Amino acid sequence: MTSTPIHDVVVLGDGPAGLALAAACHRGGLDTVVVGRDAAWTATYAAWLDEVSPREAVFASTMTMDAVGHRRSTLGRRYGVLHSGALRHVLDVAPRVRADVTVVDHLRDASVVRCDGSPGDLRARLVVDARGARAEPGVPLQTAYGLVLDGRPDGIPGEGGVLMDWQTPLTGAAGQGDEGPAAGRPLPPTFLYVVDLGNGRWLVEETALAHRHPLPFDVLRQRLAARLGADLTNRARAVEHVSIPLRAGVPTSAGPTVLFGAAAGYVHPATGYSVAASLTAADRVARAITAALPLGEASDRAAMVRSAVWPVGHVRARALHDYGLAALLRLSASEIQTFFDAFFALPTDQWSTYLRIDADARAVAGVMAKVFGASPWRLRGRLAAGSPRPFLHLTRGLLRR
């Protein structure tokens, strides 16, 4: 009888985050196994070209991007839609087990991943959960309704993509800021997102930032139809219903399982993006795993790796990002337009820093202070209204530098 081998790392989840980390561990010489069902990647993954390494720069299309508040700005930064099949081919290098995980049992020096069916149990010195963000009661959701169309729709100015267009699409019953049908709350503003998918296909999407009471998809569909001049759902090659959990802060789990990717809170509060952040962090976290494996207890290994998943500086930046999202959700449609006019008027290297979860916290605070300083007094009051004391402390500290 042979004993069950102990792998260095077992990664749960075979999406972009899980495969990226598994590939980095495999390249580093670690005995790595991925557990997942090998499901198709159906989401549209996009990234700024300067965020993705040459090894993973497999884009189906690249384009210029506009942002629209009260005015239209062409952004000085190239954007691309990742080719899911090619990216998966690049990342899918570690051995994999096609199964569902039923439970993970943690022992003092190892963990046991119990899978349904063959091959049964897997033992590992470290288990990483990269199965994505989970929707839970009370966790805000970013929602979007999108159509994949043949050709760029008429009526959308410009020729490239649109990162966000906050102009009001309609003023009827589902208009920006109109009352919600049940709770008596104003419906939140939404924005238009447009990208070239390659091969003549375009994605047009109406998106709402994270809300505890997310907009129904039929409202998003109505707003998108108003922007396009008609409901093009029946002409679409595909319809996307997007729902992304955006839990505030960083997961505080102290158990032996390490979270990574969207499961670890890598979804940026302002954009809903997480794939580029996972690709960037994979090598850093794999190096931490290599350094942690000699430690005797599984919980000690996990603690050491967790500090690489979320370095202290990134945790501080995340707190600022969460503050920024909370401030945005207090604004009216017109105020949001004014805010993003000021935001995208900053130099590219400054606003682009804010859109990274791995940015330096001081740089993120600097962007916030500059947007605050460039905003009208009424908007400044709204930005600081939720928690003025820490906001004033932040801005005073920056002004002294």
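What you see is a predicted model, and the numbers here were worked out from it, not measured in a lab.
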Should R152 and D196 be marked as a salt bridge (Lys or Arg N to Asp or Glu O under 4.0 Å) after you check the CA-CA gap, both sets of side-chain angles, and the distance that decides it?
CA-CA 8 Å; R152 194 175 192 276; D196 179 1; over 6 Å; no
Keeping the roles fixed (side chain from [X], backbone from [Y]), state whether a donor-acceptor pair exists under 3.5 Å.
X    : Y    : answer
D121 : V112 : no
H268 : A270 : yes
R247 : G265 : no
W310 : P251 : no
H321 : Y354 : yes
D322 : G249 : yes
Y266 : V309 : yes

Parallel, tilted or perpendicular: rings of Y45 and W41 (30°, 60°)
perpendicular
Quick one: sort the W166 and F340 rings into parallel, tilted or perpendicular, breaks at 30° and 60°.
parallel
Carboxylate-amine/guanidinium contact [X] [Y], below 4.0 Å:
X    : Y    : answer
R237 : D150 : yes
D283 : R287 : no
D129 : R131 : yes
E335 : R330 : no
R88  : D38  : yes

Report yes if the side chains of [X] and [Y] come closer than 4.5 Å at any heavy-atom pair, otherwise no.
X    : Y    : value
Q142 : P269 : no
T338 : P376 : yes
M63  : V81  : yes
L279 : L91  : yes
R221 : L147 : no
H314 : I357 : no

Qualifying residue for side chain to side chain contact (heavy atoms under 4.5 Å, CB included) with [X], from [options]:
X    : options                : value
V35  : D100, L12, D14         : L12
H7   : T32, L30, L122         : L122
E206 : L220, V219, L215, L228 : L220

All side chain to side chain contact (heavy atoms under 4.5 Å, CB included) counterparts of H241, not counting sequence neighbours:
Y145, F217, V239
Determine the minimum heavy-atom distance between L293 and R301, stating which atoms define it.
O-NE, 3.4 Å
Just verifying a value: how many Å separate Y273 OH and E51 CD, rounded to the nearest 0.5 Å?
9.5 Å
As an exercise, state the distance from CG of L49 to CZ of F59, rounded to the nearest 0.5 Å.
4.0 Å
Mind running side-chain contact (heavy atoms from CB on, under 4.5 Å) on I156 and V204 for me, showing each step along the way?
CA-CA 10 Å; I156 299 175; V204 292; 4.1 Å; yes
Take I289 and C25 through the side-chain contact (heavy atoms from CB on, under 4.5 Å) test and state the conclusion after the steps.
CA-CA 8 Å; I289 292 173; C25 291; 3.8 Å; yes
Might you confirm whether atom CZ of R284 has over 12 heavy atoms from other residues, nucleotides or ligands at distances under 6.0 Å?
yes
